[in-house]
Every structure is written in structure tokens, then in C-alpha cells.
Amino acid sequence: MALTIFILQLAVYILAFPIYLLNFLGLWNRICKIWFPRFLERFTVTYNEQMASKKRELFSNLQEFVGSSGKLSLVEVGCGTGANFKYYPPGCRVTCIDPNPNFEKFLIKSVAENRHVQFERFVVAAGENMHQVADGSADAVVCTLVLCSVENQEQILQEVRRVLRPRKMSSDNQWSADEDKGQLSRLIRKSRDSPFVPIGIAGFMTVVSYGLYKLKYRRDQKMSIYLIHMRVAAQGFVVGAVTLGVLYSMYKDYIRPRFFNVSKK
Ligand SMILES: C[S@@+](CC[C@H](N)C(=O)[O-])C[C@H]1O[C@@H](n2cnc3c(N)ncnc32)[C@H](O)[C@@H]1O
């Protein structure tokens, strides 16, 4: 057994030796930077096929973030070959950020294939420091398949926050920081997201209150039987509301986005 392990380890060392050597000579990084865009270009074809419906859903509400200019200013961090371009809304102005300059030629190809987007510029920079992009200049920032391999996720998210235009969300069913203040507004927001919970609670209270009010008019019915009926009615209401809530969530999260091409809210 020990001999087998030793032979396998030796085989791995021998196979990996060229990589160690290239890394030692400082060439491995350069080779990866050249080779990776070519690989990603091929990978993207299959990946986009598999993810088409998810990406369509994910980017379907981008237009809602348009600022006063009337055109969506979008910054894509770690843009790679521009795999997301085809899902962007028409007229969208895209600034691409990537630390690997070798992506530029692939990006230009993507721009040519996606004439509906307006390519602004390609900035060679890491997401952790994209000072070339002005504060509050972007309506939206897109970052896909990037954060898992960066050096400092927190720093990137801070940069994303810096470049995003401050925005107050006012539409009925969207979250807003102002709205989130205070217990009451939080409760209202939660009730709006899951309306069947307050409906269930209100129904329960109504049935119990009505039952208690009618208690003295129950004629010759036994108290214990009367209370059991009341409890079953109240519980039935809650179970009914919870079931409707679950069905509604399934419709909202899975059926509506898939069949009616509506974004999840
Ligand atoms: C797996 S690719 C994803 C490309 C593209 N976003 C997509 O969905 O196809 C990861 C990309 O992130 C870039 N990247 C790596 N480190 C980065 C960093 N610190 N900041 C921004 N981009 C980075 C890579 O150069 C590469 O283009």
C-alpha cells in the first residue's frame, strides 16, 4: 500500500513539475492569462446554453435601474469575454472591468455580436481597486462567476457600493433602506412579502373571538365539545392560509418567472 502511494505521489510530482518550474520562472501566470480567455470563450457557449433561462430571469429587471439620463449605465466587474452582453437591455452602456488585458479582443468580438449594447470602455483593473470608475456613476453593477476566486471580496463589494449611484427605491414591492427603519414598517414589508401569514393570524383571531362571543348562546351543547369545534375552525383557517401561502410562493418563485418571464420580487 505504502509503495502504491509513493508511486502515485511520484507520478503527480512528475506531472506537476513543469507547472512548478514555469511558476518558479514567473511564466505560469502569464501563460494562464493568455490561455484562460480562450478556454472561457468555449466554456461560455455551453454555459450560456445551460444558464440561458436563469440569466434572462436574473437580468430581466435591469431596465428598472435606469437613472435620469434615460440610459442604463452598467459596470461589469470581471467581465471576461462578455458572456452576459446578450442579456443586457437595448441601449445599455457597459463599462467592463477585468484585471486580465487579454480579454479585450474577446470583448470586442462580443460587442460586435451584441449590437444592442453600447460598449463604453474596457478598464484593466481588479475589482478591489477600480478607481478609474467615478463614484456614483453606475446604475447597476454585474459580477458573475468572479467573487469565488478574488483576493478580497469585501473590498470588491465596497468598490461596488462606491461606484453605484445612490438610489431610493420607491416602487410598491421593492425594498428600501428608509422603509426598513422601525419595527412597524418592517412588519408591513414582511406582511407584504408573505400576506398569508397576517391573513392566517387575523382569521384565527376572528374565529376565536366570534366563538367566545357566541359561547353563552350555545344552548345545551357541552362546553368541551363547543371549544373543540371552535379550535378546529380556528386551526383550519390557519392551515388553509399556510397552504395557500406555500402555493402562492411556489407560483411566485418558480412558475411565474419560468412561464411568464417575470422577475422574482
Ligand atoms: C470565471 S471568469 C467569469 C467571467 C464572466 N463574468 C462570466 O460570467 O463569464 C472570472 C473573471 O474574473 C476575472 N477576475 C479575476 N480576479 C478578479 C478581480 N480581483 N477583480 C475583477 N475581476 C477578476 C477574471 O479575469 C475572469 O475574467
Side-chain angles (χ1 to χ4, degrees), residues 19 22-23 26-63 65 72-165 257 261 263-264:
I19 297 176
L22 288 169
N23 195 32
L27 294 173
W28 179 243
N29 236 348
R30 226 177 292 169
I31 292 173
C32 284
K33 276 194 160 182
I34 295 170
W35 169 81
F36 187 55
R38 292 170 203 279
F39 161 77
L40 197 63
E41 191 193 28
R42 290 195 194 152
F43 169 80
T44 296
V45 176
T46 324
Y47 185 72
N48 264 1
E49 268 171 25
Q50 300 289 325
M51 296 298 287
S53 67
K54 278 276 159 238
K55 283 198 175 188
R56 230 172 274 131
E57 182 193 330
L58 182 68
F59 298 127
S60 62
N61 66 342
L62 275 177
Q63 201 61 39
F65 297 89
L72 185 80
S73 283
L74 188 148
V75 170
E76 177 156 358
V77 180
C79 56
T81 58
N84 296 322
F85 283 5
K86 68 172 170 185
Y87 302 97
Y88 293 160
C92 163
R93 293 194 302 225
V94 187
T95 298
C96 294
I97 313 281
D98 204 291
N100 185 348
N102 298 315
F103 274 114
E104 187 162 20
K105 102 171 174 222
F106 296 89
L107 271 180
I108 290 168
K109 198 169 155 220
S110 264
V111 171
E113 287 166 2
N114 293 283
R115 295 259 174 227
H116 66 285
V117 300
Q118 199 178 316
F119 179 63
E120 293 278 290
R121 60 189 172 130
F122 174 51
V123 180
V124 179
E128 287 90 342
N129 178 10
M130 35 183 181
H131 63 270
Q132 298 90 335
V133 184
D135 296 7
S137 59
D139 294 320
V141 173
V142 168
C143 190
T144 57
L145 305 182
V146 175
L147 290 179
C148 50
S149 58
V150 298
E151 277 184 14
N152 192 335
Q153 293 176 339
E154 209 178 320
Q155 182 66 33
I156 292 197
L157 294 178
Q158 273 174 17
E159 278 288 88
V160 167
R161 196 169 160 194
R162 178 185 66 76
V163 304
L164 274 174
R165 178 172 55 81
N261 202 16
S263 63
K264 273 188 220 175

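Each ligand, and each atom within it, is numbered from 1 in the order the structure gives.
With a 4.5 Å cut-off on side-chain heavy atoms, Val160 and Cys143 do not count as touching. Side-chain contact between Val142 and Phe59 is present, with at least one heavy-atom pair separated by less than 4.5 Å.
Side chain of Asn100 to main chain of Lys33: a donor-acceptor pair is present (N/O by atom type, distance under 3.5 Å, no hydrogens or angles). Side chain of Glu41 to main chain of Phe106: no donor-acceptor pair is present (N/O by atom type, distance under 3.5 Å, no hydrogens or angles). A donor-acceptor distance shorter than 3.5 angstrom exists from the side chain of Ser110 to the backbone of Thr81, with no hydrogens or angles considered.
Against a heavy-atom cut-off of under 4.0 Å, Cys79 is close to the following atoms of ligand 1: 5 (C). Using a 4.0 Å cut-off to heavy atoms of Ala126, the atoms of ligand 1 that qualify are 19 (N), 20 (N). Within ligand 1, the atoms closer than 4.0 Å to a non-hydrogen atom of Phe103 are 25 (O), 26 (C), 27 (O), numbered from 1 in the order shown. Each of the atoms 9 (O) of ligand 1 lies under 4.0 Å from some heavy atom of Ala83. Each of the atoms 2 (S), 4 (C) of ligand 1 lies under 4.0 Å from some heavy atom of Leu40.
When Asp98, Asn100, Thr44, Leu145 are ranked by how near their heavy atoms come to atom 25 (O) of ligand 1, first place goes to Asp98. In this comparison of Asn152, Asn48, Ile156, Thr144, the heavy atom closest to atom 7 (C) of ligand 1 sits on Thr144.
The distance criterion of under 3.5 Å between nitrogen or oxygen atoms is not met by Glu151 with respect to ligand 1. Of the N or O atoms in Phe36, none lie within a sub-3.5 Å distance of an N or O in ligand 1. Between Lys55 and ligand 1, a contact under 3.5 Å exists for no N or O pair. By the 3.5 Å distance cut-off applied to N or O atoms, Glu128 is counted among the residues near ligand 1.
In this structure, the protein non-hydrogen atom closest to atom 12 (O) of ligand 1 is Val146 CG2, 3.6 Å. In terms of protein heavy atoms, atom 20 (N) of ligand 1 is closest to Gly127 N, 2.7 Å. For atom 5 (C) of ligand 1, the nearest non-hydrogen atom of the protein is Gly78 O, 3.4 Å.
Among residues two or more places apart in sequence or in another chain, the salt bridge (Lys or Arg N to Asp or Glu O under 4.0 Å) test is passed with Glu159 by Arg162.
Here salt bridge (Lys or Arg N to Asp or Glu O under 4.0 Å) pairs that include residues 89-105, with residues two or more places apart or in two chains, number zero.
Rounding to the nearest 0.5 angstrom, the gap separating the CG atom in Leu147 from the CG atom in Asn152 is 10.5 Å. Between Phe85 atom CZ and Lys109 atom NZ the span is 13.0 Å, to the nearest 0.5 Å.
In Thr81, neither the side chain nor the backbone holds a heavy atom less than 4.0 Å from any atom of ligand 1.
Checked options Val141, Val124, Val133; the residue passing with Ile97 is Val133 (criterion: side chain to side chain contact (heavy atoms under 4.5 Å, CB included)).
Heavy atoms of Pro99 approach ligand 1 to within less than 4.0 angstrom.
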